[in-house]
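Order of the sequence lines sets the chain letters (A, B, ...), proteins ahead of strands, with each chain counted from 1.
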There are 2 protein chains.
Amino acid sequence: MVQASVPTSRRRPKLAELISDDIKRWIASESLGEGDRLPNEKALMELYGSAKATVREALKILEVEGLITLKTGPKGGAVINQPGMEPASRMLRNFLHFQQLDGRQVYQLRKLLEVELAVSVVGRLTEADFQQLEANIAACSCCGGEEDHRRQRFLELEFHQLLARACPNPLLAFMCQFLNDMLRDLVVIKKAYVPERKQFDHANQDYHRQLVEAYRTEDTQRVRRIMAEHMQDAEHHMSALEAEMAAQMLISSDSLSGHNHRSKLHDLLSENAAP
Amino acid sequence: MVQASVPTSRRRPKLAELISDDIKRWIASESLGEGDRLPNEKALMELYGSAKATVREALKILEVEGLITLKTGPKGGAVINQPGMEPASRMLRNFLHFQQLDGRQVYQLRKLLEVELAVSVVGRLTEADFQQLEANIAACSCCGGEEDHRRQRFLELEFHQLLARACPNPLLAFMCQFLNDMLRDLVVIKKAYVPERKQFDHANQDYHRQLVEAYRTEDTQRVRRIMAEHMQDAEHHMSALEAEMAAQMLISSDSLSGHNHRSKLHDLLSENAAP
DNA sequence: CTAGATTTGTTCGTATGTATC
DNA sequence: TGATACATACGAACAAATCTA
């Protein structure tokens, strides 16, 4: 049983999947890195004895998985690309879209992971990091107008993203950033959930300020205590939207914002008779 | 900017990606579930005014992401498939393959998450679950021969997988299962790392037995304490392979086992002159 | 700055295999 | 068993993008 690429259902592996797996094995065995180039389509065609479309499908799989990028022109072709966390994040959202997930469960993890992450970056922040953190706090407190609630939330989450980028553990960093992204998109959907928002904003900014202070003095225990309180407090204020997350998670907010696209399929299948 | 499918690099979205995004939007807006069928290729061709290959590529993207499965024959076509955790797990491994990751970092998370998971399933185990757990312990202790160290590890990890399947929080369950899968594949690679293995096996079995006991009496605090100790102990014994994980993570162990495939590309490009 | 070369991106047409009825 | 519907695969050709001279 080879069958590595699409193991969701036991079935006969298709030709393109075998080819993409073979290329993956090649990448792993040669320990290739960013920038190395694969042979061009023609060479792959005659190597595997397959048609152009089949090779293209194999390359498509690798592109969707974020392992290569395809460019046209001379010196173009398939170059190996070390994937960021976006593809993994996207797939995880696809998975969670069909699960029932509520804010309580998100914070069950956030309370653990954000604290662990906060502690793990003590002593690892550069002066540039401190400047970004303090700039974020300043932006948070200054634009505290009543206008744009969402911008406020974005900035607060960005504070945590800055911390995550400094984390030396890539797994921990990924999970925290994923949780932050989910909360960010949740804010996009729920346009206004404004109970006692004012004091919540103030409390958040206070936590962030204290965190930076503790980081300056590299006081690990204080970092742990403040972040734990911060998460506890945030969970309490999240109880407002204690329901139906994971409903609209298939499309990331990047594609939601801007035009409010409706799918062509929806238009066609609902009207079913167009002039 | 639509551009949701492959956001690893900012570039003009290709036609196939736009189509797959549109289909995704359709799935999300109609809140379709498992088993619902998409229009067939011909209908999609004339709907989007694109050729067969282009539509096929769009469907390919959705298939790689685990959102649909393609079947041949009448009543075949693209049926919506609620993705399991395999696609997300695969992408996360792709990401980590290019990061430096060691056993210490894995256990930094495992110590937090396995304990949280263990506590969260107290009172949620059915009698069938208990039977599976006890059967696992029995299999662990009986086949304690010196023959197959790997089988022993597989069974021990399977104990934790059983617990994870009973966890009501899908995010927490995913992360624990992912960590277990990574450790499982690591065992496949490192064929024999046998320092004081015997007493380690015995200790593990003892922890597992005590855990089942505590679950029977629904003693939450005891579950927490035992699992915490179990993870602490396991981390200590993992220090043997404190180095280079994440090297061979691109291909899952399913495809590694069996034939020890070498890639065609490797064969061709190294010899470079075939008779 | 234009022109050509190179390589991917897209399309059409056709043939094959396979599962259902 | 055969007919049908559908995905799968092949091959050739054209279009578009991009580097280089």
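- Applying the side chain to side chain contact (heavy atoms under 4.5 Å, CB included) test to A:Lys75 and every residue at least two apart in sequence or in another chain returns A:Arg37.
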Inset, instruction - Let me have a per-nucleotide readout for nucleotides 6-12 of chain C, 5' to 3', with B, S or -, counting only protein heavy atoms under 4.0 Å. - result: BBBBBBS
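- In this view, A:Glu41 and A:Lys52, A:Arg56, A:Leu59 satisfy the side chain to side chain contact (heavy atoms under 4.5 Å, CB included) rule, not counting sequence neighbours.
- Take B:Gln82 and apply the side chain to side chain donor-acceptor pair (under 3.5 Å) test, not counting sequence neighbours, and it matches no residue.
- The side chain to side chain contact (heavy atoms under 4.5 Å, CB included) check on A:Gln177 picks up A:Met85, A:Gln161, A:Ala164, A:Arg165, with sequence neighbours excluded.
- With sequence neighbours excluded, the residues satisfying side chain to side chain contact (heavy atoms under 4.5 Å, CB included) with A:Gln132 are A:Asp129, A:Leu162.
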